[in-house]
Amino acid sequence: MGRRVVALATADEAFQVIAAIDHQQHPLLGQDSGGLAGCDLNEVPLSADWPAECDAAIDFSLPDAVGSAVANCLESKTPLVIATTGLSDETQAAIAEAVKQISIVWAPSMSLAVNLTMKLAEQAAAALKNVPGGVDIEIIERHHRYKVDAPSGTALKFGELIADQLDGETKHVHGREGETGQRSLNEIGYHAVRVGDNTGEHTIVYGMLGETMELRVASSNRDCYASGALAAARWIQGRPPALYSMFDVLGLS
Ligand SMILES: NC(=O)C1=CN([C@@H]2O[C@H](COP(=O)(O)OP(=O)(O)OC[C@H]3O[C@@H](n4cnc5c(N)ncnc54)[C@H](OP(=O)(O)O)[C@@H]3O)[C@@H](O)[C@H]2O)C=CC1
Ligand SMILES: O=C(O)C1=N[C@H](C(=O)O)C[C@H](O)C1
C-alpha cells in the first residue's frame, strides 16, 4: 500500500511526498521511494526516520508499528491517517489518548464504495431485523494470501455497525465446524477466505425464510484505498484534535 500511496501522491500536484518510512531493518532503506513505487524518482529515500514536521502522515503498516507512528505524530503535532487493521487494545488506547492533542482519521477501509456499502448494510439490517421468521446475517470476506489478520478490519466494522442496528446482544461467530447445533438468530457469522492476489471483497448475506439478499463490494486493485487515504490526508488539514472516520471524510456520517 505504501508504494501505491507514493505513486498516486507523486502523480497529484496537490501533494508533495517528503518522507517514506519503514522500519530500521528494512533491506530497501536508502532507495528512492519513487523508484520503489514504480514512478519517477523523487529524491525521497526510504527511511526509518520521521521528518521533524509535515502536513499529514499516512500509516499503512503492521499492527505493532502503529504505536510508533502515533508517538512520532504526537511529538511533531502531525495529523495522522491510520489505515492499518488488526490493532491491539493497547494501540487503540494510545490512539484514544493521542486525539486529545492531534487529529486522527482511523478506518479499516479507505474506499468510498466500501464505506457507502457500510451505510447500506446498516439500513438493510434495520429494515430486515423484524422480518417474519428472522434474518441470518453472515459476512464473507476474500483477501490475498499475504494478509496477516483475519477477519479483515472491514468485516469486523461491518459486523459492529450491523450489530448496533439489531435488538439485544449479538454473538459474533467466526467460522463453523463440527456439531454446531442450529444457528441462532442473534449471531453474525464471519468467514475469511484467503486466495491469490485478491485485493479485497466483502459480501454481506441477509438470509431469510423464502428469500436472500446480498450486498457485495469488491475492489479490482488497491488504488481505491490509497486514493481514499490521500483524500483523508487532505481533509484532515486544519481539523481540531479528535478521532475521525472515513464517514466523516466522505460526508457519510
Ligand atoms: N484501511 C484500508 O483501506 C486498508 C488497510 N490495509 C491495511 O494496511 C496494512 C498494510 O497492508 P499492506 O500494505 O498490504 O501490508 P505490507 O505488509 O505489504 O506492508 C506493510 C509495510 O509496513 C512495514 N513495516 C513493518 N514494521 C514497520 C515499522 N515499525 N514502521 C514502519 N513500517 C513498518 C513492512 O515492512 P516488512 O515488509 O519488512 O515487514 C511493510 O513494508 C494492513 O494492516 C492492511 O490490513 C490495507 C489496504 C487497505
Ligand atoms: O489487507 C488488505 O489487503 C486489506 N485490508 C483492509 C481490511 O483488513 O479490512 C482493507 C481492505 O479490505 C484491504
Side-chain angles (χ1 to χ4, degrees), residues 1-8 19-31 33 36-37 45-51 57-73 80-88 91-92 94-95 104-118 121 139-161 174 190-204 216-233 244-247 249-250:
M1 284 306 307
R3 285 178 159 91
R4 291 313 299 156
V5 171
V6 168
L8 295 190
I21 300 158
D22 214 300
H23 60 83
Q24 296 278 1
Q25 279 77 40
H26 202 282
L28 300 175
L29 287 190
Q31 293 203 22
S33 59
L36 290 172
L46 189 67
S47 167
D49 300 326
W50 281 72
I58 295 175
D59 177 277
F60 282 96
S61 62
L62 295 178
D64 286 349
V66 176
S68 115
V70 171
N72 277 289
C73 287
L80 173 62
V81 176
I82 301 175
T84 303
T85 54
L87 305 190
S88 65
T91 302
Q92 292 186 43
I95 293 171
I104 295 182
V105 172
W106 175 35
S109 180
M110 299 286 150
S111 143
L112 168 61
V114 168
N115 281 278
L116 187 54
T117 308
M118 285 177 177
I139 300 172
I140 305 161
E141 56 99 336
R142 293 176 179 225
H143 282 87
H144 50 91
R145 65 170 69 141
Y146 308 104
K147 187 162 178 58
V148 295
D149 54 322
S152 68
T154 305
L156 291 170
K157 187 74 187 174
F158 267 113
E160 183 189 315
L161 294 169
H174 297 274
Y190 298 80
H191 309 279
V193 181
R194 295 289 171 264
V195 280
D197 57 2
N198 191 306
T199 55
E201 184 178 331
H202 292 84
T203 305
I204 320 302
R216 175 176 173 270
V217 58
S219 59
S220 41
N221 63 53
R222 311 185 91 196
D223 284 3
C224 54
Y225 313 123
S227 61
L230 287 167
Y244 300 99
S245 72
M246 278 309 277
F247 290 162
V249 175
L250 297 168

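Here the structure is a predicted model, which means the values were calculated and not measured. We count ligands from 1, going down the list as the structure has it; atoms in each ligand are counted the same way.
- Two residues are said to be in side-chain contact when any heavy atoms from C-beta on lie closer than 4.5 Å; L62 and H23 fail this criterion.
- With contacts defined as side-chain heavy-atom distances shorter than 4.5 Å, the pair L112/C224 does not qualify.
- Taking 4.0 Å as the cut-off, Y225 counts as a neighbour of ligand 2 on heavy-atom distance.
- Numbered from 1 in the order shown, with element, the atoms of ligand 2 that lie under 4.0 Å from a heavy atom of S152 read 7 (C), 8 (O), 9 (O).
- Checked by atom type and distance alone, the side chain of Q92 pairs as donor or acceptor with a backbone atom of L87 at under 3.5 Å.
- When each atom of ligand 2 is checked for a heavy atom of H202 under 4.0 Å away, the hits are 12 (O).
- For ligand 2, the polar-atom distance check against T154 finds a nitrogen or oxygen pair separated by under 3.5 Å.
- Taking a 4.0 Å cut-off on heavy atoms, K157 fails to register as neighbouring ligand 2.
- Pairs passing the salt bridge (charged side-chain N to carboxylate O under 4.0 Å, His left out) check and including a residue from residues 222-232, sequence neighbours excluded, read R4-D223.
- In E141, neither the side chain nor the backbone holds a heavy atom less than 4.0 Å from any atom of ligand 2.
- Side-chain contact between W50 and I21 is present, with heavy atoms from C-beta onward closer than 4.5 Å.
- With hydrogens and angles ignored, the 3.5 Å screen pairs no side-chain donor or acceptor of R216 with any backbone N or O of E201.
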Could you give the N/O to N/O pairs under 3.5 Å linking ligand 1 and the protein, each with its distance?
unit_1	atom_1	unit_2	atom_2	d
ligand 1	1 (N)	A83	O	3.0
ligand 1	1 (N)	A107	O	3.2
ligand 1	1 (N)	P108	O	2.9
ligand 1	3 (O)	M110	N	2.8
ligand 1	13 (O)	M1	N	3.0
ligand 1	14 (O)	R222	NH1	3.2
ligand 1	14 (O)	R222	NH2	2.9
ligand 1	24 (N)	D22	OD1	3.3
ligand 1	32 (N)	D22	OD1	3.4
ligand 1	35 (O)	D22	OD1	3.1
ligand 1	38 (O)	H23	NE2	2.6
ligand 1	41 (O)	D22	OD2	2.8
ligand 1	43 (O)	T85	N	3.1
ligand 1	43 (O)	T85	OG1	3.2
ligand 1	45 (O)	T85	OG1	2.6
ligand 1	45 (O)	K147	NZ	2.9

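- Residues G159 and Y190 approach most closely at CA-OH, 3.2 Å, considering heavy atoms.
- Residues L36 and V6 have side chains not in contact (no heavy-atom distance under 4.5 Å, counting atoms from C-beta outward).
- In this structure, atom 12 (O) of ligand 2 lies nearest to the protein heavy atom H143 NE2, 2.6 Å.
- Checked by distance only, ligand 2 and H144 come closer than 3.5 Å through their nitrogen or oxygen atoms.
- Around atom 7 (C) of ligand 2, the closest heavy atom drawn from G153, S109, S111, C224 belongs to G153.
- Screening H191, H202, R194 against E141 for a side-chain hydrogen bond (donor to acceptor under 3.5 Å, both in side chains) leaves a single residue, R194.
- In this structure, the side chain of T199 engages the main chain of S219 through a donor-acceptor pair within 3.5 Å.
- The nearest heavy-atom contact from the protein to atom 5 (N) of ligand 2 is K147 NZ, 3.1 Å.
- Listed by number with element, the atoms of ligand 2 under 4.0 Å from a non-hydrogen atom of P108 are 6 (C), 7 (C), 9 (O), 10 (C).
- For the pair M246/S109, no side-chain contact is recorded, criterion being any heavy-atom separation below 4.5 Å from C-beta on.
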